[in-house]
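Shown next, in structure tokens, is the structure this report addresses.
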Amino acid sequence: MDLPRLASIITSSTFTKVLLPLGKNSSFPATIIRTLNSPCSIQCNALNLVSNDNNNNSKNQTTDRQIVSKYEPSIWPHDYIQSLNSEYKEETYLKQHHVLKEEVRKMLFKVENHVDQLDLIDVLQRLGVAYHIKSEIRNILDSIHNIDYSQKKKTLHATALQFRILRDNGYDISTDAFVDFLDETDNFKISQSVDIEGILSLYEASFYSWEGETILDEARDFTWKILERYSFRNKSEGNYLSLLIDHSLEIPLHWRAPRWEAQWFIHAYETRKTMNPSLLEFAKLDYNILQTIHQEDLKHGSRWDPKIIDTLPEYMQLCFLSLYNFVNDLAFEFLKMNGFYIAPYLKKSWTDICKSYLIEAKWYHSAYKPGFEKYVENGWISIGMPVILVHTYFLVPHSFEREELPCIQEYCDMIRFPSTISRLVNDLGTYERESENGDTLKLIQCYMNETRVSEKNAKEHIKSILSLAWKKLNKEAHNSSLPQIFVGMAVNLARMAMCMYNHGDGHTIQDSQMKSRVLSLIVQPIPYKENLAEKN
């Protein structure tokens, strides 16, 4: 069982609200509250989720309340997914890809100035092609990190770019370098606003801050105001720098999903005056070739076992059997390869998410209004990220260490922080739709009930907590002893949540914007300069 299959299955809408029946010693009921890929609209009744509870002293204390949520049929039917195909699988394109990759590798060695090196590495990462030359980039960054620049005067752009690239790649780097850009009152010098490129670089760097790095908090506030004014005055220009600024003000680079960012940046990079044609061509071709891999993964995840379990309701049978077989297959394969039985860890992750769903159902059924902290403590599990990350840990290729298992089993901070981020942005994005439908309480409502503040203030408070959660995740990702491939995937899950819910409910509501973004990622290749297949 490989990682793409896991990702395509457990992140699909079908499995985001699945409850597994547990072992024979468990009293937890076997239920499902939502299955989103049904061929027809589904109505979910919260009353059916709540079992008799021995601790419930009086049925009269609860109010019979019913929630009905309707979900449209999937716009991604099985036959359509299986029909996906791309010419970029052909050998001609793969050969051209290899030639261009060697050109880009040589390009990196020709650059000597360290600022230009950092700029090129930044472009390679944003184009989504840096993974092809990881060792070469690491050698350059090692060299830059070891040079003492304390006696050299640097521009704001160079300082901020170096800080962001090095911290993003796991190097120890202090915020002390930014002190040079403060005035006598420890505020950033207003004169620096002339350097708009430097202001943008400082703004992006500020999102890599850790808790307690107040200088970067000040940098974010300082640069935001300047960039917002610049964006307003230059809305119609459409040049490269203006595109970057508007893009960054919407969501900073550090919070963006890498593949979507690559797709956007390829088009933005075309407008850059110093654009390198070979690099652009390589990025487009690499994107299209990777897209063919995503298509095959999606096809694989869409081929579910058609068998059924007769004792379950019809709408649950396929979902249950697919998940049941998947978990057991994964545990069996891992046992064969590593000699360790991981089923208890997988079961615990499903047990915990089931319990979190049941808690939310009981809250709704009894008209109970949890406090802010109580909601968050349950909500970061019910968002579904812990169960995804536990499975991911056992699937990503790395040197398996049994000493890491307690960290995975008890949901260490490398799991908790991205899960919390996902819960916060989910509640911000889905609040309007779910409150209109009479759905379960969201975080915004919990905070309003507890503090009596306005909806606007509640949202601002949650955004401040979101910013703090990212700082915690930044530091944890830097210091974590877990495999870096797993750490990177945990951070990327938080980024995906940021992009999915940035403009509302990008998961449940099948709006044109989200549909367009998925099509651009999975289905539609980026126009390439020539059709090599026809040419040959």
Side-chain angles (χ1 to χ4, degrees), residues 13 16-17 33-34 36 44 46 49 63 65-71 207 211 217 220-221 224 249-252 255 353 355-386 416-473 493-511 513-514:
S13 56
T16 54
K17 293 292 185 179
I33 62 173
R34 289 176 185 164
L36 305 183
C44 306
L49 294 175
T63 304
R65 306 171 72 235
Q66 182 169 334
I67 172 175
V68 177
S69 297
K70 293 185 178 181
Y71 296 93
F207 287 90
E211 193 173 5
D217 293 336
R220 187 182 304 183
D221 293 339
W224 166 268
L249 290 176
E250 181 188 19
I251 303 180
W255 291 3
I353 195 173
K355 289 180 178 178
S356 70
Y357 289 153
L358 184 59
I359 288 172
E360 290 181 352
K362 287 183 175 180
W363 286 348
Y364 182 88
H365 180 56
S366 63
Y368 174 74
K369 298 180 179 179
F372 185 83
E373 294 297 332
K374 190 172 186 177
Y375 178 92
V376 172
E377 193 58 32
N378 186 72
W380 69 266
I381 297 177
S382 69
I383 196 63
M385 291 301 182
R416 183 183 182 109
F417 292 154
S419 300
T420 301
I421 289 170
S422 300
R423 168 50 67 194
L424 294 174
V425 295
N426 172 278
D427 279 27
L428 284 169
T430 64
Y431 171 72
E432 291 186 9
R433 179 190 64 79
E434 295 192 356
S435 60
E436 290 175 359
N437 291 346
D439 210 330
T440 54
L441 283 177
K442 307 302 289 185
L443 195 55
I444 296 170
Q445 295 163 311
C446 292
Y447 189 72
M448 291 169 63
N449 293 335
E450 190 172 70
T451 62
R452 305 300 177 187
V453 300
S454 66
E455 179 182 307
K456 179 181 178 181
N457 288 340
K459 289 181 178 180
E460 289 303 315
H461 177 72
I462 293 171
K463 289 178 181 179
S464 68
I465 295 177
L466 176 63
S467 180
L468 178 60
W470 267 107
K471 292 178 182 180
K472 291 178 179 290
L473 177 57
L493 274 175
R495 289 169 172 159
M496 176 55 69
M498 296 291 296
C499 293
M500 183 179 295
Y501 297 107
N502 184 50
H503 296 290
D505 189 350
H507 180 199
T508 307
I509 299 176
Q510 303 178 40
D511 62 15
Q513 183 181 35
M514 185 54 65

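Here, residue 1 is the first one in the sequence, and each next residue gets the next number. Everything quoted here is computed from the prediction, not taken from an experiment.
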If you compare all heavy atoms of Ala494 against all heavy atoms of Leu473, which two are closest, and at what distance to 0.1 Å? CB-CD2, 4.2 Å
Is there a side-chain contact (heavy atoms from CB on, under 4.5 Å) between Arg416 and Ser419? Walk through the geometry before answering. CA-CA 5 Å; Arg416 183 183 182 109; Ser419 300; 5.7 Å; no
Trp380 vs Met385, test: side-chain contact (heavy atoms from CB on, under 4.5 Å). Steps then yes/no. CA-CA 8 Å; Trp380 69 266; Met385 291 301 182; over 6 Å; no
Might you point out which heavy atoms bring Val453 and Ala458 nearest each other, and give the distance in Å? CG2-N, 4.0 Å
Would you call Trp224 and Leu249 a side-chain contact if the rule is heavy atoms closer than 4.5 Å? yes
Closest heavy-atom pair and its distance - Glu360, Ser382: OE2-OG, 2.7 Å
Rounding to 0.5 Å, atoms NZ (Lys369) and CD (Gln445) come to a distance of 8.5 Å
Indicate the atoms forming the closest heavy-atom contact of Ile381 with Ile353, along with that distance. O-CG1, 3.9 Å
Looking at residues at least two apart in the chain, or sitting in another chain, which of them share a salt bridge (charged side-chain N to carboxylate O under 4.0 Å, His left out) with Asp217? Lys471
Taking only residues two or more places apart in sequence, or in another chain, which ones meet Glu455 in a side-chain hydrogen bond (donor to acceptor under 3.5 Å, both in side chains)? Tyr431, Lys459
With Asp427 as reference, evaluate Tyr375, Tyr501, Tyr447 under the side chain to side chain donor-acceptor pair (under 3.5 Å) test and give the passing residue. Tyr375
Do Asn426 and Lys442 have side-chain heavy atoms sitting under 4.5 Å apart? yes
Are Trp363 and Asn378 side-chain neighbours, meaning at least one heavy-atom pair lies under 4.5 Å? yes
So OG1 of Thr451 and CG of Asn457: to nearest 0.5 Å the spacing works out to 8.5 Å
Evaluate the side-chain proximity of Ser467 to Arg220: yes if any heavy-atom separation is below 4.5 Å, no if none is. yes
What is the ring orientation for Trp255 with Trp470, classed by angle as parallel under 30°, tilted 30 to 60°, or perpendicular over 60°? parallel
Return the minimal non-hydrogen interatomic distance between Ile251 and Met498, and the atom names on each side. CD1-O, 4.1 Å
The reported gap from CG in Leu443 to CG in Leu424 (rounded to nearest 0.5 angstrom) is 6.0 Å
Distance-minimising heavy-atom pair for Ala469 and Ile421: CB-CG1, 3.7 Å
To the nearest 0.5 Å, atom CD of Glu377 lies from atom OG1 of Thr420 at 8.0 Å
Within this structure, what is the NZ-CD1 distance for the pair Lys472 and Ile465, rounded to the nearest 0.5 Å? 11.0 Å
For Lys374, all residues meeting salt bridge (charged side-chain N to carboxylate O under 4.0 Å, His left out), sequence neighbours excluded: none
